[in-house]
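Reading through the structure tokens given below for one structure.
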Amino acid sequence: MTGQERSEEKSECVSLSPMREAVPAPPECERVCVFGTGDLGRSLGLRLLQAGYGVVFGSRRPHSSSTLIPHGAQVQGHAAAAQSALMIFIAVQREHYDFLVPLANQLKGKVLVDVSNNLRKNQYPEANAEYLQSLVPGAEVVKGFNTLSAWSLQNGPSDANRQVYICGDSVEAKQVVMAVATMLGLSALDRGSLSVARELEDFPLQLFPQWRLPLRIAIGLSAAFFFYLLIRDIIYAYATQGKDISFRIMVSLANKVCPIVSLIMLSLCYLPGVLASFLQLYRGTKYRRFPDWLDRWMLCRKQLGLLALGFAFLHVLYTLIIPIRYYVRFKATERTVSVIRENKTTEFDTTTAWRGDSYLSLGILGFGLYVLLGITSLPSVSNVLSWREFSFIQSKLGHLTLLLCTAHTYLYGWNKFLSSSIYKWYTPPGYMLCLVLPSVVLLLKLLLITPCVDHTITRIRQGWERGGRSEEP
Amino acid sequence: MTGQERSEEKSECVSLSPMREAVPAPPECERVCVFGTGDLGRSLGLRLLQAGYGVVFGSRRPHSSSTLIPHGAQVQGHAAAAQSALMIFIAVQREHYDFLVPLANQLKGKVLVDVSNNLRKNQYPEANAEYLQSLVPGAEVVKGFNTLSAWSLQNGPSDANRQVYICGDSVEAKQVVMAVATMLGLSALDRGSLSVARELEDFPLQLFPQWRLPLRIAIGLSAAFFFYLLIRDIIYAYATQGKDISFRIMVSLANKVCPIVSLIMLSLCYLPGVLASFLQLYRGTKYRRFPDWLDRWMLCRKQLGLLALGFAFLHVLYTLIIPIRYYVRFKATERTVSVIRENKTTEFDTTTAWRGDSYLSLGILGFGLYVLLGITSLPSVSNVLSWREFSFIQSKLGHLTLLLCTAHTYLYGWNKFLSSSIYKWYTPPGYMLCLVLPSVVLLLKLLLITPCVDHTITRIRQGWERGGRSEEP
Amino acid sequence: MTGQERSEEKSECVSLSPMREAVPAPPECERVCVFGTGDLGRSLGLRLLQAGYGVVFGSRRPHSSSTLIPHGAQVQGHAAAAQSALMIFIAVQREHYDFLVPLANQLKGKVLVDVSNNLRKNQYPEANAEYLQSLVPGAEVVKGFNTLSAWSLQNGPSDANRQVYICGDSVEAKQVVMAVATMLGLSALDRGSLSVARELEDFPLQLFPQWRLPLRIAIGLSAAFFFYLLIRDIIYAYATQGKDISFRIMVSLANKVCPIVSLIMLSLCYLPGVLASFLQLYRGTKYRRFPDWLDRWMLCRKQLGLLALGFAFLHVLYTLIIPIRYYVRFKATERTVSVIRENKTTEFDTTTAWRGDSYLSLGILGFGLYVLLGITSLPSVSNVLSWREFSFIQSKLGHLTLLLCTAHTYLYGWNKFLSSSIYKWYTPPGYMLCLVLPSVVLLLKLLLITPCVDHTITRIRQGWERGGRSEEP
């Protein structure tokens, strides 16, 4: 189109033609071919039809398949179907790819989109897409769309799976695929050459990769504290007094392990941020990368926090059912009976009431903030927050939560820290052990927010470097 | 554009022109007309302006309307406005459509977008868009955008309403509308000819269509168990002992109905999957469609599960307030008093303590998993999960939840199953009735995960068919 | 492109060329320049590379920077880099903008995208983008993309930040930026001329602007009721009986303030809707704007409701821990002991049991609905609801929640309203004060749903106007 044509168009703006021109990709007569009439193939075909493409299914037995395919699509033999379109989706399982070998002539120069997935990692020596390319060297293979399920195609892509990854050796072929993706309402990102295909194929097979480390920490801590408390509480009672209080495992012990693990994991969630600040202070610059272990730790803070919330939730439930327990009701009756029978007088102790109520109140407020942090971690909530809002909640309110929960635990201990009778077998009780980490984190954080340290940190974060070299534009 | 022109462009890559060319649809001089200056019309206009279109409002009284329209738009008489643009949004109520009849000449060949909605289903004999087409036969009517509210247009479309449906008889007209939709940040899906318009118009009027069946099941079950327990507990006590314990309806009875309905609905949520597996096993293929009732059942599993979670939540609250109840506090005092007055000795029973604490602990863990399942059902959370992660949570953790809740209920019953005294009027207690379904589901699931059955199921799911016909590529 | 060329293309539909043409913007050889190799610059570059653009980084020290930039990008001196592309992202802090002045020649006619953000509002006298324009008057400055963080660029934009705002004085420059945004999977909205830049720059700095008013109301109400109840409960007891019950502040007082504030805020959430209806009734039209204060009030209803839910959540927790409190356990023992020692007989009162259980049950159901309202307020949930479903939940279920919670509070008061002993120092108890507003809202709502009023309201909402002037088409 020459410049003159452009200006002519401008002048006849209200006529029909400029708007027609404006249609980004008039797909009215474009055809896309789909090999395979399984769930995924049919869903792809339907979606392509809805986006305005003509769709031709390739099938070994076109006649018997014609009832399966969506209304509006055609079905032909593989060879005929392949010839009628530039782009062919291969929605067939890898084991059957060899039927494509005899079609080499018809597939020459075509864009083959490999949408296949495997059942497990390393199922085959090479990626499906690379295998496909080796079978049909004359075609341009593009890997992609494999994160979409037939279901999400039928129901319209939602936010998260709107983004699809593609890879392939031919830039032109990838552009053709990207254009079709755009028309389907997807946003395709080019991840590089076909050698990345294995990575893309492993993508839908991954099972919570970011949750593994936090889950392992949670399980490790739970197991360690479970056995520690089992020995201190139940085995100690049995060994020294011969009492069988093993029933306590189910609720009392669980209700000690949960808050301990929760508090430690919450501190682990804020420790790396504090360490990173001190590292920046020490180095005097923000332009050097953090060590790998710190990077990885910082990336799983959200997961650490959510697991901590889960344990806190269980702690709340375990605490609230205390008065329903047979043991507790039995003890209450026994205590009242002994008051009467031994004619004791009971004195109301205001200090105990203050301490107990404060302990409960801090716990409730801490848990309320905990839940708030959890809610703002939901993708749809954190997305509507500006960066400043998100960091206000996750950092300011997060440290406040840690402070409240730590204070709650200190009040639980109260004056028992000094009494030697609680150090059974010379071991400290669980809540004392779990206070170490949060106390350290809070102390370090306190250091960081003193005005002079805070000022230096802020300057470093703005690009200032100790030693004078300022940020390069 | 000829091949030569293309290659020339390539060579002058760093010049200004190629990027200019790259702009998908330079809408600088395109005009879109909007009839109607109500909320929706104004919001549409504003959004079109923001996307770079020129906007002309058509109004009967252009002068008095000029204060209402967004800054940057023009307002003209209907005839003049219609002539200035190819595409006209009809943001006017259906009753007023007849003002378009005299404009037939100006509207000839124009694309009229009917964005109207009705107040209720079947309000008019034919769809608004079809009525519009009959009034202005020379124009190309496209139905669409009616799922967008004025509010969502002003605030930018969010994920769910980013997708809009259109229909119309003219392919070209639909492409014009699709192009504008793309520029507005929407993704338009073509649903077919104008005869689909009624369906699109009914869309915003639907009220939880997927929730109806599960809600009916929940209400039916609740009512049935309420009356069953009312008779067994309260009427029985009145009839046989003359005691009025009707106050129990408010909490005790509610706290029996809730867990019963919750457990049954949770099993109903996992039963269809198990049935489907057995059907596939029996048929030896995955390529035959499930019966309609099973399909419909499987589509409402999420709703069944969420309602079950709702009932479980109420059960938890009803359980936790037990110690606050007047009746419970009264009974506790009475029991202690009778221990003293009758000089009884009470013996602590470790078995009872074990049973009670296990019962509570299983309930807490079951509820924790229940909540986890609920959270992963939130659209924003399930969207970030890969298919494998989603099915891990909903299937593996789901069945574990069912197992924990069923065990919780068995422990509640404990050794009462054999005592004949609980079969008042020869009826079993509610918790016994509600254990039937989950026990069956768990047994069937156990069968399915035995290695040999599991192996066959897996092969069938991979496309293998009994009788040798393997998946057609 | 002439009409003839178009028709030719149509006829050769299955050839390769039409699909090639369909690619919206073949960016294969387009280059984009990025100045600045900080976090944001690198992330921008990586994203541009993934979308298929060529990327050239401009750096003062190209050699030392080459290790920092993403693989596939080039790095050159600023002047050389500027010349190689039409569009230049300025990912540099404002203080360093002056390095651009000597580049004026190379930047002439280029599109400079100012992506900078400030640390706080009004940090500089003019917007960064306007300052940039004043430094390089020959370039076309476009402000935009500043709501995106480096993090969200790396991880792919999610729903909420998919939408970016841009502004600038040149329409052509903005179109170039919009086209690139589209290729990056973003949807850019034009907000007008460069004078809007300050507004866009303030955007990421805002801290919960919509939450301010509701939060102030919540804090104000909490403080007022806290002091009111402190005087009535604790200081009164000390002044008249000399008893120190100050420990009650932590739980008892908190558990009075929370439900009171929650109920008042829930009514404040439904009051504006009721007022708006009465205003429409009074005016006889929906076409006049509401007063500003009412508009602002209606816009923060969601925040009011969520804060109310937060207070209700705390109330539930404070209530559920009641039986664990030392004070409560002490009192229970004391009561039992006094029953024995004074040889009282206790009589079970069915009315009290009915009242108490109803009170608890209404509270539980009200809280259940409250939580349901909260869940449907989550962006991802409300997005999948049709307008009718959303208004059903927020209006019908919302008013039902208010009714249940109000009834819960009335049952709490029960027959104490008439007893004069509760009016300590002639002041009514807190729960009585907090019942005023919800009772008024419910009464007004009741009026609005009487058939004759409802009929008029519905007609007005459909466009009917008293005085005969009907909606203008």
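Note that these values count all heavy atoms, side chains included, but never hydrogens, waters or copies made by symmetry.
Residue B:Tyr238 places its OH atom among 12 or fewer non-hydrogen atoms of other residues, nucleotides or ligands, all under 6.0 Å distant. Environment of NZ in C:Lys344: crowded, with over 12 heavy atoms of neighbouring residues, nucleotides or ligands closer than 6.0 Å.
One distance of note links CD1 of B:Ile321 with OG of C:Ser361; it measures 7.5 Å at 0.5 Å rounding. Atom NZ of residue B:Lys243 and atom CZ of residue C:Phe348 lie 10.0 Å apart, to the nearest 0.5 angstrom. Rounded to the nearest 0.5 angstrom, C:Ile364 CD1 and B:Asn255 CG are separated by 8.0 Å. Annotation: the span from B:Ile324 atom CD1 to C:Asp357 atom CG amounts to 11.0 Å, rounded to 0.5 Å.
Of all the listed residues (C:Arg355, C:Lys174, C:Glu347), the one sharing the greatest number of non-hydrogen pairs under 4.5 Å with chain B is C:Glu347. Of the residues considered (C:Gly192, C:Ala332, C:Ser358, C:Gly363), C:Ser358 shows the highest number of contacts with chain B, using heavy-atom pairs under 4.5 Å.
Heavy atoms of C:Leu378 lying under 4.5 Å from chain B belong exclusively to its side chain. When heavy atoms are compared at a cutoff of 4.5 Å, B:Phe208 approaches chain C by way of both its backbone and its side chain. At a 4.5 Å heavy-atom cutoff, C:Thr351 makes no contact with chain B through either its backbone or its side chain. Contact of C:Phe392 with chain B is made through the side chain alone, with heavy-atom distances under 4.5 Å. Of the two parts of C:Ile166, neither the backbone nor the side chain holds a non-hydrogen atom closer than 4.5 Å to a non-hydrogen atom of chain B. Contacts of B:Ser246 with chain C are made by both backbone and side-chain atoms, with heavy-atom separations under 4.5 Å. Proximity to chain B (any heavy atom under 4.5 Å) is restricted, for C:Val371, to the side chain, taken from C-beta onward.
Across all non-hydrogen atoms, the minimal contact from C:Ile340 to B:Val337 is CD1-CA, 3.6 Å. Closest of all the heavy-atom pairs between B:Arg341 and C:Asn343 is NH2-OD1, 3.4 Å.
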Determine, stepwise, if the pair B:Leu317 / C:Val316 fulfils side-chain contact (heavy atoms from CB on, under 4.5 Å). CA-CA 9 Å; B:Leu317 288 178; C:Val316 167; 4.1 Å; yes

When you look at C:Leu365 and B:Tyr318, which way does the side-chain contact (heavy atoms from CB on, under 4.5 Å) test go after all the steps? CA-CA 10 Å; C:Leu365 294 176; B:Tyr318 273 117; 4.0 Å; yes

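Neither side chain, B:Tyr327 nor C:Thr352, offers a donor N or O lying under 3.5 Å from an acceptor on the other.
Between C:Leu360 and B:Met250 the shortest side-chain heavy-atom distance does not fall below 4.5 Å. With a 4.5 Å cut-off on side-chain heavy atoms, B:Val251 and C:Tyr359 do not count as touching.
Side-chain atoms of B:Tyr326 come within 3.5 Å of backbone atoms of C:Asp349 as a donor-acceptor pair (strictly under, hydrogens ignored).
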